[in-house]
Chemist: 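One structure, pasted below without further comment.
Values in this document were obtained by computation on a predicted structure and should not be read as measured data. Letters A, B, ... mirror the listed sequences (proteins, then strands); counts begin at 1.
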Protein chains: 2
Amino acid sequence: MAAGLSRRDELLQIAGELFAKKGFRNTTVRDIADAAGILSGSLYHHFDSKETMVHELLDSFQTQLFLDYDAIESSDLGPRAKLEAVIRRSLEAIDRNHSEVAIFQNDAGYLSDLDGFEYLTARNRRFRDLWTQLLREGIAAGEIRSDLDVELGYRFLRDTVWVAVRWYRPGGPLSGDEVADQYLAILFQGIGIPTTNKES
Amino acid sequence: MAAGLSRRDELLQIAGELFAKKGFRNTTVRDIADAAGILSGSLYHHFDSKETMVHELLDSFQTQLFLDYDAIESSDLGPRAKLEAVIRRSLEAIDRNHSEVAIFQNDAGYLSDLDGFEYLTARNRRFRDLWTQLLREGIAAGEIRSDLDVELGYRFLRDTVWVAVRWYRPGGPLSGDEVADQYLAILFQGIGIPTTNKES
DNA sequence: GTCTATAGACGGATAGAC
DNA sequence: GTCTATCCGTCTATAGAC
């Protein structure tokens, strides 16, 4: 399909799409093999197990994502601008790594209980710390409404951003940037202190 | 556990909690039987199949929910008040029917492909029509920002409301009403035309 | 209403030929 | 790198005793 992909990467991508669409448990190794045009036993020449496949998908995706989060966090932007950047990068992930985000959204609960997937829980905590910290800084800086419950606001933000993976389709009518603009408009005119009162 | 429940209803409740927690596919009939203190074969004295169990849970819940939606729709409230009432009723469902909402959120994609579950898709459409209609009426009445993209706003609303089932726990620190107040504050101060400019 | 016992299908994974 | 062939565990569901 895409050029320059090793057979292994190609199989990973096929598996990722199936995991994302049908769920990890509900995707059989025979499904993956069928989609790749080979037999199920042949998959084990490339991967140790079905779990290895989903691990590689999630880990490489998350590693890159958190590198970018870290860069934003340590930048010299203000709290609200950082929050906006983090949200934009997250929505971008839905565009660029649709399968991985969908798998994480749908199956993280199941996967994080498995041996070898403890990092999912750890990264979840780090994610939470980053976002709540930015909210608190934004409130302290007067850029975010002081009556916002940080815990609830965090969950609201997190969920509204990531749940978009359920309907957003890369290459669909809306570009990732358009969605980000609209989302941020809805979100910040909700939680940001209004600066202008644009009325039709 | 609860009083006045028939054995059948008791088993349904146990199954619902497991489906909600672990997912439908990932919950075995043995899991359900274990939790109920009986053997798996005995379940089939009460139910035809595992699918029957999840069907009964979802159908009876949704029937009641849509009766209430219909009552709100045909009331004499204004569009924004109707939207607010529909959102409150939905958040209330997360409180009162936590298992059913969680099952629907997590497994509707899989279940709606099964024979006998076509009504899930039909109700989804009805739900969408109701919410987008209220948004459009709200815009026409000047109660909701006219630059809101109705389709995107609908998905935003829908997802932010229902996804709360992932973290909200009945009997937890926040009451359903408190969550609803905060959600509506965040939401409407985002998508509603600001009436006052309360600044700290 | 529950248990014993088991049928029958499907799941992940393996060994070795090609 | 893929195929053939197959093991073995788990799953839903059934039949009939108690």
Chemist: What residues form a salt bridge (charged side-chain N to carboxylate O under 4.0 Å, His left out) with B:R89, not counting sequence neighbours?
Modeler: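 Expected list: B:D68.
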
Chemist: In residues 23-32 of chain B, which residues come under 4.0 Å of DNA chain C by heavy atom?
Modeler: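 Of all residues in residues 23-32 of chain B, none places a heavy atom under 4.0 Å from DNA chain C.
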
Chemist: With nearest nucleotide decided by heavy atoms, which residue, B:S40 or B:L11, maps closer to the 5′ end of DNA chain C?
Modeler: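 Per heavy-atom nearest nucleotide, the more 5' residue is B:L11.
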
Chemist: Run the side-chain donor-acceptor check on residues 132-142 of chain B: report pairs under 3.5 Å with partners two or more places apart or on a different chain.
Modeler:
{"residue": "B:T132", "atom": "OG1", "partner": "B:R128", "partner atom": "O", "Å": "2.8"}
{"residue": "B:T132", "atom": "OG1", "partner": "B:D129", "partner atom": "O", "Å": "3.3"}
{"residue": "B:T132", "atom": "OG1", "partner": "B:R136", "partner atom": "NH2", "Å": "3.3"}
{"residue": "B:Q133", "atom": "NE2", "partner": "B:E137", "partner atom": "OE2", "Å": "2.9"}

Chemist: For B:F61, enumerate each residue passing the ring pair (Phe, Tyr, Trp, His ring centres under 6.0 Å) test, keeping only those at least two apart in sequence or located in another chain.
Modeler: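 Expected list: none.
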
Chemist: Kindly state each residue pair satisfying salt bridge (charged side-chain N to carboxylate O under 4.0 Å, His left out) with at least one member in residues 39-67 of chain B, sequence neighbours excluded.
Modeler: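 Found B:R8-B:E56, B:D59-B:R123.
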
Chemist: Taking 5' to 3' order, which nucleotide of DNA chain C is first and which is last to have an atom within less than 4.0 Å of a heavy atom in chain A?
Modeler: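 On DNA chain C, the outermost contacted nucleotides are C:dG11 to C:dT14.
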
Chemist: How large an angle, rounded to 10°, do the end axes of the helix from C:dG1-D:dC18 to C:dC18-D:dG1 enclose when each is built from five base pairs?
Modeler: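 Between the first-five-pair axis and the last-five-pair axis there is 10°.
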
Chemist: Any salt bridge (charged side-chain N to carboxylate O under 4.0 Å, His left out) pairs touching residues 96-107 of chain A, not counting sequence neighbours?
Modeler: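 For residues 96-107 of chain A, and leaving out neighbouring residues, the salt bridge (charged side-chain N to carboxylate O under 4.0 Å, His left out) pairs sorted by first residue read A:E92-A:R96.
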
Chemist: Any side-chain donor paired with an acceptor under 3.5 Å for B:T63 and B:S60?
Modeler: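 Result is no, nothing qualifies.
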
Chemist: Under 4.0 angstrom, heavy atoms only, what part of the nucleic acid is A:L39 near: base, sugar-phosphate, or nothing?
Modeler: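 Here A:L39 touches the bases of the nucleic acid.
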
Chemist: How is the hydrophobic cluster of B:L77 composed, in terms of its other members, when Ile, Leu, Val, Met, Phe, Trp and Tyr link through side-chain heavy atoms under 4.5 Å apart, directly or indirectly?
Modeler: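 Besides B:L77, the cluster holds no residue at all.
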
Chemist: If the condition is ring pair (Phe, Tyr, Trp, His ring centres under 6.0 Å), which residues does A:Y168 pass it with, not counting sequence neighbours?
Modeler: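 In terms of ring pair (Phe, Tyr, Trp, His ring centres under 6.0 Å), with neighbours along the sequence ignored, A:Y168 is linked to no residue.
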
Chemist: When Ile, Leu, Val, Met, Phe, Trp and Tyr are grouped by side-chain heavy atoms lying under 4.5 Å apart, directly or through other members, which residues fall in the same group as B:Y119?
Modeler: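 B:L11, B:L12, B:I14, B:L18, B:F19, B:F24, B:V29, B:I32, B:I38, B:L43, B:Y44, B:F47, B:M53, B:V54, B:L57, B:L58, B:I103, B:F104, B:Y110, B:L111, B:L114, B:F117, B:L120, which link up through side-chain heavy atoms under 4.5 Å apart, make up the rest of the cluster.
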
Chemist: Considering residues at least two apart in sequence or located in another chain, which fulfil the side-chain contact (heavy atoms from CB on, under 4.5 Å) criterion with A:D34?
Modeler: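 Not a single residue meets the side-chain contact (heavy atoms from CB on, under 4.5 Å) criterion with A:D34.
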
